[in-house]
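First up is the structure itself, then whatever we jot down about it.
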There are 2 protein chains.
Amino acid sequence: MAHHNLDSLDKKILKLIAEDARIPFLEVARSCNVSGAAIHQRIQKLNNMGVLKGSKFIIDPEKIGYETCAYMGLNLKNPEKFDAVVDELKKIPEVVECHYTTGDYDMFIKIYAVNNHHLLNIIHDRLQPLGLSRSETIISFNSAFSRQLPILDMPVDDVETDED
Amino acid sequence: MAHHNLDSLDKKILKLIAEDARIPFLEVARSCNVSGAAIHQRIQKLNNMGVLKGSKFIIDPEKIGYETCAYMGLNLKNPEKFDAVVDELKKIPEVVECHYTTGDYDMFIKIYAVNNHHLLNIIHDRLQPLGLSRSETIISFNSAFSRQLPILDMPVDDVETDED
DNA sequence: GCTGAAATAATTAACAC
DNA sequence: GTGTTAATTATTTCAGC
């Protein structure tokens with residue numbers, strides 16, 4: 001199921017638009033030797049297929065007042081209340097990602113705060129009341145890099161041997 | 001320094017464009033009662049200030065053939081070689097984020113793989129040779145949510161007491 | 001599923017406050 | 001510096017192949 005019948009034009013478009021959502025579609029069109037309307041229709045199709053899930057501007061958290069970035073592993077006193085806890089986490093705007101994980105933690109979140117003091121406030125006042133049995137905080141000093149996944153050119157079954 | 005003199009129009013624009021990089025600027029312009037050119041100039045200014053760091057399309061990893069998502073905490077045998085390790089990690093396209101962290105790990109990465117087997121191949125063949133003394137892998141089953149940070153309406157110094 | 005043309009929008013430049 | 005209008009280029013829609 002993995003590739004959902006993406007042809008080479010779909011993949012070329014994805015590679016061209018992935019890192020710049022405001023790229024002129026006519027520029028993509030010229031690179032692909034098709035009309036701008038064709039690019040538009042393909043991108044509509046990729047949206048409808050769920051391959052594309054919208055777009056976003058990348059905002060520098062520090063420049064809008066968030067100096068602290070942390071990842072937290074959480075364990076719940078009542079792991080069966082996972083969904084309710086996710087709903088509560090959604091109400092905390094500083095929590096920007098939430099994952100259901102295997103391993104040592106029940107869930108794993110990414111959180112920004114204005115400063116370390118603000119992070120401690122959030123943990124004490126908003127997270128602890130959710131019923132945590134344990135939590136671990138990893139503070140990110142610096143993001144060394146952040147980027148998109150590559151669009152695979154090959155069928156998926158070839159990839160497993162790619163690293164051997 | 002945090003807000004870099006963002007005025008209320010800058011913040012309104014950021015809120016409107018954050019979650020949809022392809023929103024028509026004229027729609028933003030009408031919401032803000034200014035011309036489209038003014039929105040364009042403001043967004044240019046936000047780019048020049050470094051508040052905006054470009055844009056991207058959100059691509060569903062599963063739909064392009066990546067079934068496994070993991071976070072890994074890494075410890076280096078030679079932590080002073082951090083920069084060289086970052087350079088090597090950049091060469092592994094499946095590694096999409098890399099952070100310098102406090103706490104139990106020297107660094108923390110986000111990694112996608114075609115499947116669990118492929119992840120193990122990457123860890124064994126590409127990560128272990130970098131000189132890891134220890135690593136811990138957290139596999140994400142499911143992303144419960146992922147979103148942008150809120151644009152603060154208030155000066156930063158007010159926020160610390162916001163949660164008390 | 002593509003093209004080409006028409007309508008709406010983005011971008012650029014010249015200029016006003 | 002921040003906004004405007006007007007000209008050029010791009011996006012979007014749609015009829016037709």
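Labels below follow one simple rule: chain letters A, B, ... track the order of the sequence lines, proteins then strands, and each chain is numbered from 1.
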**Report entry** Atom-to-atom span, CZ of A:R42 to P of D:dT11 - whole angstrom
**Finding:** 17 Å
Report summary line: Rounded to whole Å, CG of B:L6 lies from C1' of D:dT2 at a distance of 15 Å
Query raised in the report: So does A:E136 pair up with A:R134, basic N to acidic O under 4.0 Å?
Result: yes
Query raised in the report: How bent is the helix from C:dG1-D:dC17 to C:dC17-D:dG1, comparing axes over its five end pairs at each side, to the nearest 10°?
Result: 30°
Query raised in the report: salt bridge (charged side-chain N to carboxylate O under 4.0 Å, His left out) between B:D106 and B:K77: does it pass, once the steps are laid out?
Result: CA-CA 10 Å; B:D106 293 322; B:K77 286 179 194 161; over 6 Å; no
Query raised in the report: Would you call the rings of A:F141 and B:Y100 parallel, tilted or perpendicular, where under 30° means parallel and over 60° means perpendicular?
Result: perpendicular
Query raised in the report: With under 30° as parallel and over 60° as perpendicular, where do the rings of B:H99 and B:F108 fit, or are they tilted in between?
Result: tilted
Requested in this report: Measure from the side-chain N and O atoms of A:N78 to the backbone N and O of A:E80, and report whether any donor-acceptor pair falls under 3.5 Å.
Outcome: no
Query raised in the report: Roughly how many Å is it from CG in B:N33 to C1' in D:dT4, rounded to a whole number?
Result: 15 Å
Query raised in the report: With a cut-off of 6.0 Å (strictly less than), are more than 12 heavy atoms of other residues, nucleotides or ligands near NZ of A:K45?
Result: yes
Query raised in the report: Atom CD1 of B:I43 to atom C1' of D:dT2: distance rounded to whole Å?
Result: 15 Å
Query - Residues A:K91 and A:E88 bridged, charged N to O under 4.0 Å - result: yes
Query raised in the report: Rounding to a whole Å, what distance do you find between A:Q44:CD and C:dG1:C1'?
Result: 14 Å
Query raised in the report: With sugar-phosphate meaning primed atoms plus P, OP1 and OP2, does B:L9 contact a base, only sugar-phosphate, or nothing at under 4.0 Å between heavy atoms?
Result: sugar-phosphate
Is there any protein nitrogen or oxygen under 3.5 Å from a nitrogen or oxygen in nucleotides 4-10 of chain C, and what are the pairs?
unit_1	atom_1	unit_2	atom_2	d
C:dA10	OP1	B:F25	N	2.1
C:dA10	OP2	B:F25	N	3.4
C:dA10	OP2	B:L26	N	2.6

Report task. To the nearest Å, give me how far apart CD1 (B:I39) and P (D:dG3) are. Result -> 8 Å
Report task. Give the rounded distance in Å between these two atoms: CG of A:D7 and C1' of C:dC2. Result -> 13 Å
Query raised in the report: Do the charged groups of B:D10 and B:K15 touch, with an N to O distance under 4.0 Å?
Result: no
Query - Length of the line joining A:I13:CD1 and C:dG1:C1', which is rounded to integer Å - result: 12 Å
Query raised in the report: Between A:N115 and A:H118, is there a donor-acceptor pair closer than 3.5 Å when you use the side chain of the first and the backbone of the second?
Result: yes
